[in-house]
There are 2 protein chains.
Amino acid sequence: MEKIEKKLILTIDDDHDTRALFKMVLEENNFNVIEAANGTRGIEIFEAESPDLVLLDLRMPGITGFDVLHHITKISPTTPVIVISATDSIDDVVESLRFGAWDFILKPMQTYNIMLHRVNQVLEKSNLKKQNLEYQGLLEDAINKLQNDLKSGQDIQIKLLPDSTVTFNGYQFNSLILPSLYLSGDFLDYFAINDKYTAFYIADVSGHGVSSALVTVFLKSFMNKCIDDYKQSNNQTVLDPGKLLQTLNQDFLNEHLDKFSTLFFGLIDHNDNKLIYCNGGHYPFPVLRQNEKCIILESKNTPIGIMPDIAFENISVQLEENFFLAFFSDGILDILPQDSLDEKINLLNELCMSDRETFQNFISGLKDNSAGLPDDITVLTIEKG
Amino acid sequence: MEKIEKKLILTIDDDHDTRALFKMVLEENNFNVIEAANGTRGIEIFEAESPDLVLLDLRMPGITGFDVLHHITKISPTTPVIVISATDSIDDVVESLRFGAWDFILKPMQTYNIMLHRVNQVLEKSNLKKQNLEYQGLLEDAINKLQNDLKSGQDIQIKLLPDSTVTFNGYQFNSLILPSLYLSGDFLDYFAINDKYTAFYIADVSGHGVSSALVTVFLKSFMNKCIDDYKQSNNQTVLDPGKLLQTLNQDFLNEHLDKFSTLFFGLIDHNDNKLIYCNGGHYPFPVLRQNEKCIILESKNTPIGIMPDIAFENISVQLEENFFLAFFSDGILDILPQDSLDEKINLLNELCMSDRETFQNFISGLKDNSAGLPDDITVLTIEKG
């Protein structure tokens with residue numbers, strides 16, 4: 001049988017017979033009892049023994065029950081005190097309740113069941129309060145532990161991302177990633193390959209959180225490998241977005257991760273001021289603004305990691321001296337207030353055609369409302385001039 | 001000012017004056033009150049209005065207060081009921097408490113403060129119970145959300161690990177990873193490079209959990225790259241453990257992840273039955289048992305990702321026709337009961353010299369006690385014959 005720890009009750013009463021009777025009834029009902037014959041002794045015992053409950057006579061010679069009540073509620077506000085009062089001193093009861101007594105018992109008692117009921121009621125309430133605090137504590141501890149784990153992962157992921165604002169050869173990159181849950185399945189990078197080329201990509205691994213974030217490390221490693229292979233053995237894959245996606249597609253499938261990813265890979269040719277890109281399923285399509293015109297960079301390739309042995313098509317776009325190119329990941333569609341997809345896409349296109357301030361205000365609004373996003377949101381802009 | 005919703009109290013009493021008085025006092029104290037003049041009407045109103053508390057007269061003509069109490073506690077056990085009884089019917093009170101009444105009030109009342117005290121006490125207790133349930137619910141929801149995120153990450157990490165038992169060219173690999181918190185900073189892999197070589201590695205990224213797991217994906221990608229480079233362009237790095245660690249060391253430092261990793265990389269030459277290895281800080285040192293002898297594979301290289309431009313030394317060991325090689329990650333040292341490091345290492349060495357059953361029992365014991373490990377634990381064994 002499980003051993004339940006007995007609760008300790010302190011009775012403070014100048015009347016010997018009352019104390020003896022309380023002690024007998026309470027001990028019969030599995031409580032431990034200690035007695036004090038006056039207020040001074042009661043306070044001493046209270047401080048020494050920290051009882052679970054105090055039964056306190058209000059009218060005693062010397063230090064009164066009110067004094068004891070003041071003292072106990074001051075040093076231990078969570079310990080329940082039940083005051084005992086004569087039936088004809090109901091004003092005492094009301095006053096003691098105002099001063100922090102949890103309940104009261106009127107003498108003479110018709111049955112000790114009532115005293116027991118009061119004691120049990122008050123202990124139950126005290127227990128509920130303790131449980132509440134415990135739950136709060138447990139809640140915080142458990143969540144802190146998991147959150148710290150996720151936050152330390154987030155720190156690593158942030159280190160894998162580029163600085164949010166970087167300029168290569170006059171092409172300025174700005175990026176923002178808002179994860180829905182610490183770690184992001186959205187990922188991006190931009191880097192100068194050499195004097196002639198700058199490359200960038202924006203990816204959205206299926207799902208979000210830790211599992212997708214692990215896959216983004218694969219993406220980053222793959223891209224690093226492509227750059228190394230170019231620098232060390234003049235492997236041209238990094239200069240051929242379509243071939244790069246084809247290779248990555250096969251690598252992805254080989255790992256059997258049950259994950260796929262959209263990926264837009266772009267290569268900017270500095271000399272010709274030209275963009276060569278391949279879009280593996282990135283949506284919404286990026287919007288290019290130049291010469292006051294809005295060009296949607298449409299394409300029809302599938303995401304990577306779904307179908308083996310498929311080709312990925314390169315598309316080339318002539319850039320003007322001044323241009324602005326904007327990417328959003330599809331997480332943006334979940335939070336736009338418009339009813340239809342068409343309306344949402346129109347809004348994004350209009351936004352890309354608007355002035356810098358309007359665009360920046362929109363981005364600031366995203367940042368301010370990034371708590372509890374349903375999906376990761378990424379914004380990447382590239383501009384010149 | 002914040003608007004606090006008023007609590008709704010149902011009074012069931014056949015005495016009009018009592019109801020009127022209760023209503024007045026309660027409404028003065030910011031409660032809403034609905035009245036029922038008999039038990040049948042009381043039950044109807046209870047079911048229609050779901051009050052927050054019921055004040056119930058026990059003695060009524062028709063359906064008694066006891067019947068109403070039975071009904072209410074049955075259909076809504078969380079709604080507090082306070083029974084009202086004549087002072088000379090204290091047995092009724094005791095019985096009603098046994099049947100689920102939360103508290104009682106004796107008539108005639110000397111002051112309505114006592115009735116208010118009972119009402120407030122009981123509502124406070126009811127509120128504490130609700131809060132407890134809410135905390136429990138919040139606790140479970142928040143933890144589930146974070147745990148699901150971590151579990152889905154764990155699924156991906158498991159997919160990156162090899163099958164736990166694999167045989168290449170007669171060399172049998174067995175492995176076990178026990179993460180301390182869903183995702184592991186320990187990692188390992190083994191793979192046949194071609195007919196002539198089988199390779200394996202065991203790594204322990206600093207820290208544990210998500211952040212370290214992200215870095216293990218880097219390791220895996222790096223190893224994949226080495227294998228590809230060998231197969232595609234005959235790059236010999238994967239056949240030179242020391243050079244492999246040197247390259248990885250530089251890659252690690254280039255990423256600025258503030259993480260380092262121990263790494264033991266071994267290459268088994270099938271033709272010569274020889275092990276060529278480089279150990280970057282893996283500890284405890286692996287133990288090789290062959291010809292009834294115990295050989296500790298000591299070495300002095302540092303972990304990778306700490307110091308740039310350092311060399312990593314290869315060591316070669318002749319294997320016998322029958323051998324058993326065992327690796328433990330340092331997480332094992334945290335849970336062995338021995339006092340000193342020497343004693344722990346001795347135990348592991350003795351274990352490697354013991355028979356298969358003793359070793360297997362030890363591993364089973366680890367699995368059975370893997371909840372809440374302070375650090376990840378990995379065991380890798382390689383054997384032949």
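Side-chain atoms are counted along with the backbone in the values below, which use heavy atoms only and exclude waters and symmetry mates. Labels below follow one simple rule: chain letters A, B, ... track the order of the sequence lines, proteins then strands, and each chain is numbered from 1.
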Check: Are any of the side-chain nitrogens in A:R118 or B:D103 under 4.0 Å away from the carboxylate oxygens of its partner?
Finding: yes
Notebook entry, point to check: If you measure from the Lys or Arg side-chain nitrogens to the Asp or Glu carboxylate oxygens, is any gap between A:K225 and B:D251 under 4.0 Å?
Noted result: no
Between [X] and chain B, with a heavy-atom cut-off of 4.5 Å, which part of the residue counts as in contact: side chain, backbone, both or neither?
X	answer
A:D229	side chain
A:K220	side chain
A:N224	side chain
A:H117	side chain
A:E124	side chain
A:N148	neither

For [X], look at atom [atom1] and say whether over 12 heavy atoms of other residues, nucleotides or ligands are found less than 6.0 Å away.
X	atom1	answer
A:K145	NZ	no
A:K159	NZ	yes
A:D163	CG	no
B:N194	CG	yes

Once you round to the nearest 0.5 Å, how far does [atom1] of [X] lie from [atom2] of [Y]?
X	Y	atom1	atom2	value
B:S152	A:K259	OG	NZ	6.0 Å
B:L139	A:Q136	CG	CD	11.0 Å
A:Q131	B:L133	CD	CG	10.0 Å
B:E255	A:I156	CD	CD1	10.5 Å
B:D149	A:L181	CG	CG	4.5 Å

Among [options], single out the residue with the greatest number of heavy-atom pairs under 4.5 Å to chain B.
options	value
A:N254, A:L146, A:L214	A:L214
A:L97, A:N113, A:I143	A:L97
A:D91, A:D258, A:I114	A:I114
A:H256, A:Q121, A:Q147	A:Q121
A:F222, A:Y182, A:W102	A:W102

Next item on the list: Give the C-alpha distance, both sets of side-chain angles, the deciding distance and a yes or no for side chain to side chain contact (heavy atoms under 4.5 Å, CB included) between B:Y135 and A:L138.
Entry: CA-CA 10 Å; B:Y135 280 137; A:L138 280 175; over 6 Å; no
